[in-house]
Amino acid sequence: MKKIIIQGAITILLFFGSWFALSQIDWVKVFKVQKVTDKTEQKLGEFFWKVFKKTEEENKNIHVVNSIDSIVTHICKSNKIDREKIKVHVLNKDEINAFALPNGHLIIYSGLIHNSDNQEELTGVICHEIAHIELNHVMKKLIKEIGLSALISMTTGNGGAEIIKETAKMISSSAFDRNLEKEADIKAVDYLTTAKVNPEPFANFLYKLSDKEHEAVKYLTWISTHPDSKERAEYIVEYSKDKLTDYKPILTIETWEKLKEELKD
């Protein structure tokens with residue numbers, strides 16, 4: 001009986017203790033901060049995209065655009081991701097690179113497409129970057145490295161064009177921390193298998209680039225910004241075991257080959 005009374009007292013104390021702790025939180029302030037962060041992310045996405053749009057050439061080839069859109073749309077639809085949220089831009093640049101900007105902007109360099117041996121390799125990288133977007137890694141990284149107040153200053157006209165350019169450059173050429181990269185890799189495998197795309201080529205892509213066996217070694221930007229590539233490939237392979245094996249290509253062979261051909265021009 002005594003034990004029951006003590007347990008009941010502890011339960012009551014925990015309940016009121018939790019209630020008191022939660023009552024001390026200024027929820028209005030918390031939600032305002034989230035609102036400010038969302039608004040800041042939207043503006044940052046626009047500013048950073050303008051930087052790349054001014055300095056890089058966007059690929060407007062209808063076959064290239066439609067093919068990449070088909071891949072992204074299939075991944076989003078299969079995984080119940082809001083397709084309108086992902087804003088895809090293919091830029092004509094030899095670097096093997098893809099990266100996410102705030103507010104769902106996804107930059108894909110033509111070098112990545114051209115140097116992917118198959119569409120599954122490319123889709124794996126795209127899924128990795130979509131994972132960064134969906135898991136809000138881009139803003140987490142910016143807030144950690146630059147600070148929310150500095151980011152807000154950029155969007156209010158106090159940051160300066162040069163700072164915005166340097167920050168945009170940082171996003172495209174530096175890695176997320178180890179934990180965020182692994183989280184994005186695992187989520188990418190989930191996206192791939194749910195969309196019935198074989199995740200093994202994604203691991204092979206990491207092995208291939210990390211071993212520097214590719215013909216475009218000097219352009220391996222994506223691999224250079226993602227450390228421990230062999231380790232990543234290994235845990236991707238391990239995580240992919242016993243997953244769905246009824247895989248289907250998103251693009252037809254003809255569409256994929258034409259996509260590669262169009263990028264040679």
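Residues take their numbers from the sequence shown, with the count starting at 1. The figures here come from the full heavy-atom set of this structure, side chains too, leaving out hydrogens, waters and symmetry mates.
Atom SG in Cys76 sits 12.0 Å away from atom CD1 in Ile71 (nearest 0.5 Å). Ser110 contributes atom OG, which lies 8.0 Å from atom CG of Leu91 (distance to the nearest 0.5 angstrom). A distance of 8.0 Å separates CG in Leu263 from NE2 in His114, rounded to the nearest 0.5 Å. Rounding to the nearest 0.5 Å places CD of Glu121 at 12.0 Å from CD1 of Ile126. Distance CD1/Ile113 to CH2/Trp256: 7.5 Å, rounded to 0.5 Å. A distance of 7.0 Å separates OG1 in Thr55 from NZ in Lys93, rounded to the nearest 0.5 Å.
Counting heavy atoms from C-beta on, the side chains of Pro102 and Ile171 come closer than 4.5 Å. Using a 4.5 Å cut-off on side-chain heavy atoms (C-beta onward), Phe205 and Ile96 make contact. Put simply, the side chain of Glu262 does not reach to within 4.5 Å of the side chain of Asn59, judged on heavy atoms. Using a 4.5 Å heavy-atom threshold, the side chains of Ile108 and Glu129 count as separate. When side chains are defined from C-beta on, Val64 counts as touching Leu259, because their heavy atoms get closer than 4.5 Å. At least one side-chain heavy atom of Arg178 sits less than 4.5 Å from a side-chain heavy atom of Glu231. Using a 4.5 Å heavy-atom cutoff, the side chains of Asn92 and Glu56 are not in contact. Annotation: side chain of Lys141 is not in contact with side chain of His132 (no heavy-atom distance under 4.5 Å).
A salt bridge links Glu261 and Lys264; the closest N-O separation between the charged side-chain nitrogens and carboxylate oxygens is under 4.0 Å.
Taking Lys85 as the reference, Glu134 meet the salt bridge (Lys or Arg N to Asp or Glu O under 4.0 Å) condition, with sequence neighbours excluded. Residues satisfying the salt bridge (Lys or Arg N to Asp or Glu O under 4.0 Å) test with Lys241, not counting sequence neighbours, are Glu238. Take Glu46 and apply the salt bridge (Lys or Arg N to Asp or Glu O under 4.0 Å) test, not counting sequence neighbours, and it matches no residue. In this structure Lys187 satisfies the salt bridge (Lys or Arg N to Asp or Glu O under 4.0 Å) test with no other residue, sequence neighbours excluded.
Shown here for Ile133 and Ala100, the closest heavy-atom pair between the two residues is CG1-CB, 3.6 Å. In terms of heavy atoms, Ala188 sits closest to Ala131 at N-CB, 4.4 Å. Across every non-hydrogen atom of His137 and Leu180, the tightest pair is CE1-O, 3.3 Å. Contact record, Ala203 with Val237: CB-CG2, 3.6 Å, taken as the closest heavy-atom pair.
At most 12 non-hydrogen atoms from other residues, nucleotides or ligands lie less than 6.0 angstrom from NZ of Lys182. Other residues, nucleotides and ligands contribute at most 12 non-hydrogen atoms within 6.0 Å of the NZ atom of Lys53.
Looking at Ile68, Ile107, Leu101 one by one, the single match for side-chain contact (heavy atoms from CB on, under 4.5 Å) with His89 turns out to be Ile107.
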- Are Glu181 and His128 close enough, and set up right, to give a side chain to side chain donor-acceptor pair (under 3.5 Å), and what steps lead you there? CA-CA 9 Å; Glu181 287 295 0; His128 177 89; 2.9 Å; yes

- Message: Between Trp49 and Asn103, is the side chain to side chain contact (heavy atoms under 4.5 Å, CB included) condition met? List the steps.
- Response: CA-CA 10 Å; Trp49 165 235; Asn103 200 36; over 6 Å; no

- Message: Between Ser116 and Leu112, is the side chain to side chain contact (heavy atoms under 4.5 Å, CB included) condition met? List the steps.
- Response: CA-CA 6 Å; Ser116 294; Leu112 171 65; 4.1 Å; yes

- Query: Should Asp177 and Lys144 be marked as a side chain to side chain contact (heavy atoms under 4.5 Å, CB included) after you check the CA-CA gap, both sets of side-chain angles, and the distance that decides it?
  - Reply: CA-CA 11 Å; Asp177 67 41; Lys144 179 181 178 181; 3.7 Å; yes

- Task: Check step by step if side chain to side chain contact (heavy atoms under 4.5 Å, CB included) holds for Val138 and Phe48.
- Result: CA-CA 12 Å; Val138 183; Phe48 292 155; over 6 Å; no

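Applying the salt bridge (charged side-chain N to carboxylate O under 4.0 Å, His left out) test to every pair with at least one member in residues 68-82, sequence neighbours left out, gives these pairs: Asp69-Arg83.
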N/O donor-acceptor pairs under 3.5 Å from side chains in residues 191-199, not counting sequence neighbours:
residue	atom	partner	partner atom	Å
Thr193	OG1	Val189	O	3.0
Thr193	OG1	Asp190	O	3.2
Thr194	OG1	Asp190	O	2.8
Asn198	OD1	Glu200	N	3.0

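Transitive grouping of hydrophobic side chains (ILVMFWY, heavy atoms separated by less than 4.5 Å) keeps Ile130 and Val65 in distinct clusters.
Judged by distance alone, the side chain of Asn79 and the main-chain N or O of Ile81 form no donor-acceptor pair under 3.5 Å. Between the Gln119 side chain and the Pro249 main chain, no donor and acceptor come within less than 3.5 Å of each other.
The distance between the ring centers of Phe52 and Phe99 falls below 6.0 angstrom.
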